[in-house]
> 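Pasting in a structure now, in structure tokens, and then I'll have a few things to ask.
Values reported hereafter were calculated over all heavy atoms of this structure, with side chains retained and with hydrogens, waters and symmetry mates removed.
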Amino acid sequence: MLETHFMPSAGPRYGIARQKPEPALALAGVKAQATGYASIGLTGKRLSWRSFATLRAFGMQRARKLALALAVCGLVGACASPPANISRIPVQTGQETSKDGLFTQPVKWEHSKPGCKGDCPTIKVDSIVFPGNPKLSDLVDNALAYMTGIGNSNVPTYSNIAEYEQYFWKTAAPRDSTLLSARTRYRNSSLTVVELDTWQYMTGMAHGISATQFLNWDNKTAKVLSLADVLRPGQRQAYNAALKEAHSRWLSANPELVGDLDTFVRQWPFQESTNYAFTDRGLLIKYDSYQIAPYSAGQPELVIPYDSLRGILKPEFLPS
């Protein structure tokens, strides 16, 4: 049972009446894990890291499959669009907009395997909950658990962080470590953007592997907005073109990383992505390690300015 600093651990999880996870989300989580394991060469319960290419494939597959999980589950739904002259993205500074949106409370703890001495597996959680909004709180909890990708079974035995912790103690090697975190990346009166991050180290790895997923939550309809929900009909290719332009700007802004441009682009070609987040400046697209750059580049963030998205985004998702 998760413990928080704002209420006794003996109470309901997160201080909110627990809801069962959506069956479709659990099913999608199964598919996400089943596909991801084969690409990283799991042998028994341990990882066999075979090559540089498998690391990149692992990061790319996990991002795609988690996005599929959210799309299938029904928590990603179409939003009833407001009148076109009412903007969901007010012209405000980040400091002002961060005061709006849903109220959050932190959940922070760090556990080592009970009864373990010496080198012990650990789990650290630095997350948030939304008091009064159990649906979103459970979605954050469920999604972070599914993003772990630990294990050698095609059927996950956990659907939230509390259940994942118990599974982890049974399967982890002495130096295995997991970090699960969530934070609000952007907030206004009608939208709340949550960034979900995982970092995992498994004994024998050269380094840990990180992954990120955004949840763009519609405060009014209580649903996650997929990319298709915010684009005008038939504008997906135009969005991809705008993202590719943002990628070119990112390459130009990082000459010390890129070096020889032609060689870099051959090794790390542009990748389309639906992992977007609303911000004051435009749509933020964040990539996992090994998707469009080497591990040393971290998790690249590309921004598509709203001016480049006019005619592509639905009018209500452009600044007034």
> Can you give me the closest heavy-atom contact between Gly298 and Pro300, atom names plus distance?
O-CD, 3.3 Å
> Are the side chains of Val230 and Arg88 in touch, meaning some heavy atoms are under 4.5 Å apart?
no
> State, with a plain yes or no, whether a side-chain heavy atom of Thr198 is found less than 4.5 Å away from one of Leu144.
yes
> Looking only at side chains, do Asn219 and Ser190 share a donor and an acceptor under 3.5 Å apart?
no
> So, using ring-ring contact (aromatic ring centres under 6.0 Å, His included) as the criterion, who are the partners of Phe278 when residues are at least two apart?
Tyr276, Phe317
> Please report the closest heavy-atom contact between Phe264 and Pro294, naming both atoms and the distance.
CE1-CD, 3.9 Å
> Give the C-alpha distance, both sets of side-chain angles, the deciding distance and a yes or no for side chain to side chain contact (heavy atoms under 4.5 Å, CB included) between Val258 and Trp268.
CA-CA 10 Å; Val258 174; Trp268 305 102; over 6 Å; no
> Has the side chain of Asn188 got a donor or acceptor atom that lies under 3.5 Å from a matching backbone atom of Ile89?
no
> Using modelled atom types only, decide if a donor and an acceptor are shared between the side chain of Lys113 and the backbone of Trp169 within a distance under 3.5 Å.
yes
> Could you tell me which residues satisfy side-chain hydrogen bond (donor to acceptor under 3.5 Å, both in side chains) with Gln299, sequence neighbours excluded, listed by chain and number?
Ser210, Thr212, Asp288
> Taking the side chain as every heavy atom from C-beta outward, state whether Trp217 and Val194 have any pair of such atoms under 4.5 Å apart.
no
> Drop me the distance from Asn160's CG to Leu139's CG, to the nearest 0.5 angstrom.
12.5 Å
> For the hydrophobic clusters of this structure (ILVMFWY residues joined by side-chain heavy atoms under 4.5 Å, transitively), does one cluster hold both Phe103 and Val129?
no
> Is any side-chain heavy atom of Leu225 closer than 4.5 Å to one of Leu191?
yes
> Look only at the side chain of Tyr201 and the backbone of Met205, and say whether a donor-acceptor pair between them is shorter than 3.5 Å.
yes
> Using the side-chain hydrogen bond (donor to acceptor under 3.5 Å, both in side chains) criterion, which residues pair with Asp260? Sequence neighbours excluded.
Thr263
> State whether the side chain of Asp176 and the backbone N or O of Thr203 hold a donor-acceptor pair below 3.5 Å, judged by distance alone.
yes
> Using only atom types and a distance under 3.5 Å, with no angle test, would you say the side chain of Asn133 pairs donor to acceptor with the backbone of Leu136?
yes
> Could you tell me whether the side chain of Asp126 reaches within less than 4.5 Å of the side chain of Lys108, counting heavy atoms only?
yes
> Using atom types as modelled, flag every donor-acceptor pair under 3.5 Å from a side chain in residues 241-251 to any protein atom, sequence neighbours excluded.
from   : atom 1 : to     : atom 2 : distance (Å)
Ser248 : OG     : Lys244 : O      : 3.2
Arg249 : NH2    : Val303 : O      : 3.4

> Any donor and acceptor pair, going by atom type alone, linking the side chain of Tyr295 with main-chain N or O of His207 inside 3.5 Å?
no
> Going from CD1 on Ile161 to OG on Ser127, what distance comes out if it is rounded to the nearest 0.5 angstrom?
5.5 Å
> Holding to side-chain hydrogen bond (donor to acceptor under 3.5 Å, both in side chains), I want the full list of residues that pass it with Thr122, two or more places apart in sequence or in another chain.
Ser177
> Taking all atoms of both residues into account, what is the closest heavy-atom pair of Ile292 and Tyr287, and its distance?
CD1-CD1, 3.6 Å
> Going by salt bridge (Lys or Arg N to Asp or Glu O under 4.0 Å), name the residues that satisfy it together with Lys286, two or more places apart in sequence or in a different chain.
Glu195, Glu301
> Let me confirm one number: the CG-CZ distance from Leu261 to Arg266, rounded to the nearest 0.5 Å.
10.0 Å
> Going by salt bridge (charged side-chain N to carboxylate O under 4.0 Å, His left out), name the pairs with one or both residues in residues 231-242, residues two or more places apart or in two chains.
none
> Can you name the nearest heavy-atom pair linking Phe168 to Pro121, along with the distance?
CE2-CB, 3.8 Å
> Just checking Arg281: does its CZ atom have more than 12 heavy atoms from other residues, nucleotides or ligands closer to it than 6.0 angstrom?
no
> For Lys223, is there any backbone N or O sitting under 3.5 Å from a side-chain donor or acceptor partner on Lys135?
no
> Of Asp141, Thr157, Thr178, which is the lone residue that meets side chain to side chain donor-acceptor pair (under 3.5 Å) with Tyr164?
Thr178
> Looking at residues at least two apart in the chain, or sitting in another chain, which of them share a salt bridge (Lys or Arg N to Asp or Glu O under 4.0 Å) with Asp307?
Arg310
> Write down the atom of Val140, the atom of Ala182, and the distance for their closest heavy-atom approach.
CG1-CB, 3.8 Å
> Excluding sequence neighbours, so at least two apart, what forms side-chain contact (heavy atoms from CB on, under 4.5 Å) with Thr184?
Thr104, Ile128, Phe130, Arg187, Thr192
> Please list, chain by chain and in numerical order, all residues satisfying side-chain contact (heavy atoms from CB on, under 4.5 Å) with Ala228, sequence neighbours excluded.
Ser226
